[in-house]
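Written below as structure tokens is the structure these notes are about.
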Amino acid sequence: MGGSTVLHLPSGPAGVIAKLHPTVLFNICDSYIRRNDQQERVIGTLLGSVSTDGTVEIRNSYTVPHNESSDQVAVDIDYHRSMFELHQRVNPKEVVVGWYSTSSGVSGSDALIQDFYAREVTNPVHLTVDTTFSDETASIKAYVSTILSLGERQLAAQFHEIQLDLRLLEAERIGFDLLKKTMVEKLPNDLEGLEQSIGRLQNMIEVVFRYVDDVVEGRIPPDNSIGRYLAETISMVPKIAPEAFDRLFNDSIQDLLLVLYLANLTRTQLALAEKLNTAAQIL
Amino acid sequence: MATDGVVVPTRSFAQAAASEEVSVPLRVVQIDGLVVLKIIKHCKECMPALVTGQLLGLDIGSILEVTNCFPFPSRGGEEDEEEADGANYQLEMMRCLREVNVDNNTVGWYQSTYMGSFQTVELIETFLNYQENIKRCVCIIYDPLRSGQGVLALKALKLTDAFMDLYRTQNFVGEKLREKSLTWKNIFEEIPVKISNSSLVSSLMTELETDAPATQCDFDRLVLSTNPFMEKNFEFLIECMDDLSMEQQKFQYYYRNLARQQSQQQIWLQKRRTENAARKQAGEELLPEEDPNNPIFKPIVEPSRLDSYLITNQIDNYCSQINGFSGQSFSKVYLMDAFHED
């Protein structure tokens, strides 16, 4: 793409960032797995929002059936329309922002599909997810297109790759452990999760300790910026006088104990009431 | 599918096959990672409104696979119109999804909840509605607020069979409950949840996983200000307590009336007996020992125990949330303590 040309080139949409939600990725993978027999790739519509600074947020997607032969593409437009209407009823804020396909790059027929989506939204984003892992990595790319024109005549569409921000925050919230294994037998409960997090925190502190020790003993050349970060982090810990902290600490412990006691008392009461209710003989 | 005009699909082959066999109890609900993400997305976006959606999947023996889902549009507006509209939406959505080879089989529904306050009569009603059409269905409950604390607050519920039988007869008197030894713990049954991901997703996620040692989930978990959550929990608990004591008053009232009636009946019977004894001596015909027309023999209806059962369930739920939560807080407080000693 992007070879030099003497034709009139509209200025490329520099600085456009596409943010991708993990739900969309999962959806695309699922649709690829469920594709029809002998279907090469799956395409679909991307829904989301475009903010004023040009950032495109891709939040939802759905598959659109299509047919492809060597030089022809038929997209089921009715399907796209009705599905879009259905999605609108749930979340009217999500509009069409582009489309996806499960291929490793841009191919010739993509221009035609891009053309169709350009009628739905100005500057549609084209997202490609390489579900075949053709070069051993899962390459996920986003493009926008600009139209090359010679005078009034449109010659071709040019795809520019744009920066793609994989917003995996939601996935992080759930935990990668749950999403990257093919089977998770049991959901972690409150305490197990906390244990994990504390363990990770401990590891990090250890790493920092080791680093600082190494620097102090001259085993590693000191790095000023790391040192500054560390100092900043340490200064984040609020300074509380030991007595004040003890008081705070004891207070919260007391509060918690009280709360725990009350909760357990309530439960005992319930159990007792239950026994009385079922045991009581009504004459 | 679209022509027969039923909201919930007619039984598919898999279900028909399953019902032919001896029914195996449902043991595990296996949810796709996609479904988890979709549910979370929908519930979070619509907060604080509570939302619901349909679950699609397959029923395989003792495992119920949930492979896809779609949200319902949030309610509002005219009831009747809404209903017809909602049904249309559901049909249309399922038709569309089937076209792209998604499992076209309703297995239940999901809903968001606020602090776990989901044990309501509505939930039971919805469940029975679903149950009429599909033999095995679950309700997945997601709590967006609790999930903000770094736990995946997702659970799968179903009603117990014993409770469903009883609910159909609407007979929630003490005697019947004792007979079936049904306690408030037996209303809902939590089914263990498994999460599955396709190999494709799994490899993709492994690739995309960030190297950062701490993730958002860790930050959420280690937040120290836990009081607002705790306060809310207690607020709800207190409300429930008030409700429960109201229920209790109803029962007291009932028992008092019952006792009064019974003593009245005794007095009347006594009178009748002495009268009969007198008649016997006089050789007259005996009067019956019962008089259905007398108002004191009119049975007093025992109030339903369903509400108090549900409230009890609710209270238990809050208590366990508080328990789990304070456990977490203890750890956090001690963690802070350790930090300050350093």
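Using a distance-only test at 3.5 Å, with no hydrogens or angles considered, a donor-acceptor pair links the side chain of K38(B) to the main chain of C69(B). In this structure, D76(A) contributes its side chain and Y79(A) its backbone to a donor-acceptor pair below 3.5 Å. Here the side chain of T102(A) pairs a donor or acceptor atom with the backbone of V42(A) at under 3.5 angstrom.
Using a 4.0 Å cut-off between charged side-chain N and carboxylate O, K41(B) and E45(B) make a salt bridge. With respect to the salt-bridge test (charged N to carboxylate O, under 4.0 angstrom), the residues R247(A) and E243(A) do not qualify.
Within the 4.5 angstrom heavy-atom criterion, only side-chain atoms of V36(B), from C-beta onward, approach chain A. Heavy atoms closer than 4.5 Å to chain B are found nowhere in N203(A), neither backbone nor side chain. For R59(A), the parts lying under 4.5 angstrom from a heavy atom of chain B are both the backbone and the side chain. Neither the backbone nor the side chain of D255(A) comes within contact range of chain B, judged by heavy atoms closer than 4.5 Å. At a 4.5 Å heavy-atom cutoff, the contact between T63(A) and chain B is made by backbone and side-chain atoms alike. Only the side chain of Y32(A) has a heavy atom closer than 4.5 Å to any heavy atom of chain B. With a 4.5 Å cut-off on non-hydrogen atoms, L34(B) touches chain A through its backbone and its side chain both. Residue L201(A) touches chain B through its side chain alone, counting heavy-atom pairs closer than 4.5 Å. Heavy atoms closer than 4.5 Å to chain B are found nowhere in Q269(A), neither backbone nor side chain. For a residue to count as touching a neighbouring chain, one of its non-hydrogen atoms must lie under 4.5 Å from one of that chain's; by this rule Q30(B) touches chain A with the side chain only. With a threshold of 4.5 angstrom between heavy atoms, Y334(B) approaches chain A through its backbone and through its side chain. Neither the backbone nor the side chain of P192(B) comes within contact range of chain A, judged by heavy atoms closer than 4.5 Å.
Taking chain A as the reference chain and counting heavy-atom pairs below 4.5 Å, the highest number among G53(B), G327(B), S329(B) is found for S329(B). By number of non-hydrogen pairs under 4.5 angstrom with chain A, the leading residue of G33(B), C96(B), S196(B) is C96(B). Considering only heavy-atom pairs separated by less than 4.5 Å from chain B, the leading option among C29(A), S31(A), P242(A), S82(A) is C29(A). The candidate from D103(B), V28(B), L97(B), L237(B) with the greatest count of non-hydrogen atom pairs under 4.5 Å with chain A is D103(B). Counting heavy-atom pairs closer than 4.5 Å to chain B, the top-ranked of the candidates L194(A), N264(A), L248(A), D246(A) is L194(A). Between chain A and the options L244(B), I322(B), D316(B), the largest number of non-hydrogen pairs under 4.5 Å is found for D316(B). When each of L260(A), V129(A), L262(A) is checked for heavy-atom pairs under 4.5 Å with chain B, L260(A) comes out on top.
Between F72(B) and F70(B), the ring-plane angle classifies as perpendicular under the 30° and 60° cut-offs. Taking the six-membered ring where tryptophan is involved, the planes of F245(A) and F249(A) are essentially parallel, since the angle between them stays under 30° and well short of 60°.
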request  = Evaluate the salt bridge (charged side-chain N to carboxylate O under 4.0 Å, His left out) criterion for residues E99(B) and R95(B): first the C-alpha distance (whole Å), next the side-chain angles of each, then the deciding distance (0.1 Å), finally the verdict.
outcome  = CA-CA 6 Å; E99(B) 231 167 281; R95(B) 190 184 61 77; 3.4 Å; yes

query = Could you go step by step and tell me if N27(A) and Y62(A) meet the side chain to side chain contact (heavy atoms under 4.5 Å, CB included) rule?
reply = CA-CA 7 Å; N27(A) 231 339; Y62(A) 56 87; over 6 Å; no

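Considering only heavy atoms from C-beta on, V66(B) stays 4.5 Å or farther from L56(B) through its side chain. No side-chain heavy atom of E232(A) sits less than 4.5 Å from a side-chain heavy atom of I234(A).
The residue from N313(B), N317(B), T312(B), I315(B) that alone fulfils the side-chain contact (heavy atoms from CB on, under 4.5 Å) condition with C240(B) is I315(B).
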